[in-house]
Amino acid sequence: MVYGMLAVLATMGLTFTMLTLSHCVLLYSVSLSKQKWLCFAAGLCSLATFKLEVSLSKQKWLCFAAGLCSLATFKLEPFSSWQLRSTVYMVYGMLAVLATMGLTFTMLILSHCVLLYSVSLSKQKWLCFAAGLCSLATFKLEPFSSWQSGFVTGTFALQDVLFYGGSGFTIMRCMSFALENYEKKDGNYSFLELLKYNFYLPFFFFGPIMTFDRFHAQVNTPDLTRKEHEMWNIRIQAVLHLAAIVVVDVLFHFLYILTIPSDMKLVKQLSDWSLAGLAYSNLVYDWVKAAVMFGVINTVSRLDHLDPPQPPKCITMLYVFAETYVYDYLGGNHDNIVKELLATVCTFAVTTLWLGPCHVVYIWSFFNCFGLNFELWVAKFFELKPFASMEAKMSEATSRRIRGVFNAANFWTIILYNVLALNSLDFANLVFKRLLITGFPLSTLSVLFVTYCGVQLIKERERRLALEEEGAEKEKTE
């Protein structure tokens, strides 16, 4: 066996050898289910992935795609031994990362895991945060960023995306592990638990961040039975995400909503309505893209009997991590002005480091931080006696319409903040001038009125859903 492995390694290279081992682990894991049809299907899927890979040395990213395809095959059936589940996921994930990104990248990731695990043993929360942020800074700030990116050999198309995605999310997962280890009263979690958590393949490169306490509890549960109609819901979600991918791809290629804002000569010739629609489309496109990416990953993880985080409400990969460990921890119930200010400043400081410090990110973070606090300031202002007593005399519908006016204005401030990060400062500046200065009052009021109608529809739908949930809870109690 050893002679054969060395011969294959010398002849075909490390990438081919690791890929072959990953398929061996995959098919062995499937054999534990003792389902003939599943073993046959997994074998055919693995064979197909080898046939489709024309040049492994030049198209390493195909290894990753093929691995996900093969991985999805045996997720349809639980392992016969639930204790081995997390270990098999870890081994498969490590082999996939090794085959995709190479040995040096894998060793770099492991070195950061060892460092942050050592820090977690101190059980000092501030030290865990400081060490995690310093490690993250080494991937985002020069000259450390260029030095570490040099460890990845090759020039395949997705190299930079996979490098910064895998390394960034690794640091966030290690920080989550360290903070949960701090909360553990008796002893410490083992280093193996950190590796199982970090190298779970569906979450490794693109997130989302499932906090360690949730992952550890779910992946070690012996109950692998599914709820009624769960598989049907998973299939429906998979079809919906496939349709969304097709729609997003069509919008990207044929409507050029991301390309047009870069051509300022063309943009300046657009009408105010077209410019507003283009800005709104850019925001929606980016949100849908993030939601689809999270949705696809979440669908795969649900096949593993996990309950993954929902797609982010704001456009940032750090949504769950920042909300759990920073925003909610410092802000409490978010009704205190000073606590909210501290929570938002700290949250967007972490987000700025995650995105990579530059003047556009600084401006984006400042305005988003200001926007969150401004919402609270307005809410507190209208809670003062004169306004509170006036609202108490109004009907619910009238109160909702008045709040809708402010929500419409706030919605467009959100669009302007994020267009700044998604496109360019020049494009955001042009949208601001055309809609609020040169287009006032006709274009400004028209756009706000359409937005107001949309906000009202959303609020009415949320009200009906809340009433339905309240009615369902009453039925359960009775």
Side-chain angles (χ1 to χ4, degrees), residues 125-126 129 172 175-176 179-180 182-183 208-209 211 213-214 287 309-354 364-418 451-452 454-474:
K125 182 174 287 189
W126 69 270
F129 258 112
M172 289 298 163
M175 288 178 67
S176 176
L179 294 171
E180 295 300 333
Y182 165 79
E183 299 291 341
I209 298 293
T211 55
D213 57 331
R214 291 184 57 194
W287 181 84
Q310 295 302 307
K313 297 177 182 177
C314 60
I315 304 174
T316 170
M317 298 295 188
L318 288 177
Y319 178 75
V320 175
F321 179 86
E323 182 179 284
T324 303
Y325 294 110
V326 182
Y327 189 58
D328 285 346
Y329 178 78
L330 296 175
N333 53 6
H334 305 291
D335 63 351
N336 183 282
I337 293 178
V338 177
K339 288 184 177 180
E340 181 71 4
L341 180 62
L342 177 63
T344 51
V345 168
C346 292
T347 299
F348 281 101
V350 175
T351 307
T352 300
L353 182 59
W354 165 264
W364 176 84
S365 296
F366 171 79
F367 280 115
N368 276 275
C369 183
F370 173 78
L372 283 173
N373 285 277
F374 186 72
E375 288 181 14
L376 180 62
W377 299 341
V378 172
K380 289 293 184 182
F381 179 76
F382 282 100
E383 286 178 4
L384 298 176
K385 274 192 176 181
F387 301 103
S389 58
M390 289 172 60
E391 187 175 8
K393 297 176 182 178
M394 298 178 185
S395 63
E396 182 181 351
T398 304
S399 175
R400 190 170 65 251
R401 293 188 185 101
I402 294 175
R403 289 179 178 271
V405 174
F406 292 96
N407 288 332
N410 182 62
F411 183 79
W412 268 99
T413 59
I414 294 173
I415 292 177
L416 291 175
Y417 299 160
N418 287 283
T451 307
Y452 165 81
V455 169
Q456 286 294 87
L457 290 174
I458 294 172
K459 291 298 180 183
E460 179 63 20
R461 181 175 178 273
E462 290 178 352
R463 186 182 69 85
R464 290 182 179 180
L465 290 176
L467 291 175
E468 290 176 2
E469 291 178 358
E470 185 179 351
E473 291 179 358
K474 286 182 179 179

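Everything numeric here is computed off the predicted structure, so don't read it as measured data.
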Handout entry: Presence of salt bridge, Glu183 and Lys125, under 4.0 angstrom
Key = yes
Exercise for the section: Could you please spell out the steps behind the side-chain contact (heavy atoms from CB on, under 4.5 Å) verdict for Glu340 and Asp335? Expected result: CA-CA 7 Å; Glu340 181 71 4; Asp335 63 351; over 6 Å; no
Handout entry: Thr413 side-chain N/O to Asn410 backbone N/O, donor-acceptor pair under 3.5 Å
Key = yes
Practice task
Give the ring-plane orientation class for Phe367 versus Tyr417, where under 30° counts as parallel, over 60° as perpendicular and anything between as tilted.
Solution key: parallel
Exercise for the section: Mind telling me whether Phe374 and Phe370 have parallel, tilted or perpendicular rings, with 30° and 60° as the class edges? Expected result: parallel
[X] vs [Y] side-chain heavy atoms within contact, under 4.5 Å:
X: Val350; Y: Met175; value: no
X: Asn418; Y: Asn368; value: yes
X: Glu375; Y: Phe406; value: no
X: Trp364; Y: Phe348; value: yes

Exercise for the section: Would you please test Leu376 and Lys380 for side-chain contact (heavy atoms from CB on, under 4.5 Å) and show each step? Expected result: CA-CA 6 Å; Leu376 180 62; Lys380 289 293 184 182; 4.1 Å; yes
Exercise for the section: Please report the shortest heavy-atom distance between Ser365 and Thr352, naming the atom on each side. Expected result: OG-OG1, 2.7 Å
Fill in the blank from the handout: Minimal heavy-atom distance between Leu341 and Asn373, with the atoms involved, is CA-OD1, 3.2 Å
Handout entry: CE (Met394) with more than 12 external heavy atoms under 6.0 Å
Key = yes
Exercise for the section: Drop me the distance from Ile209's CD1 to Met172's CE, to the nearest 0.5 angstrom. Expected result: 7.0 Å
Handout entry: Donor + acceptor pair across side chains of Thr211, Ser176 (<3.5 Å)
Key = no
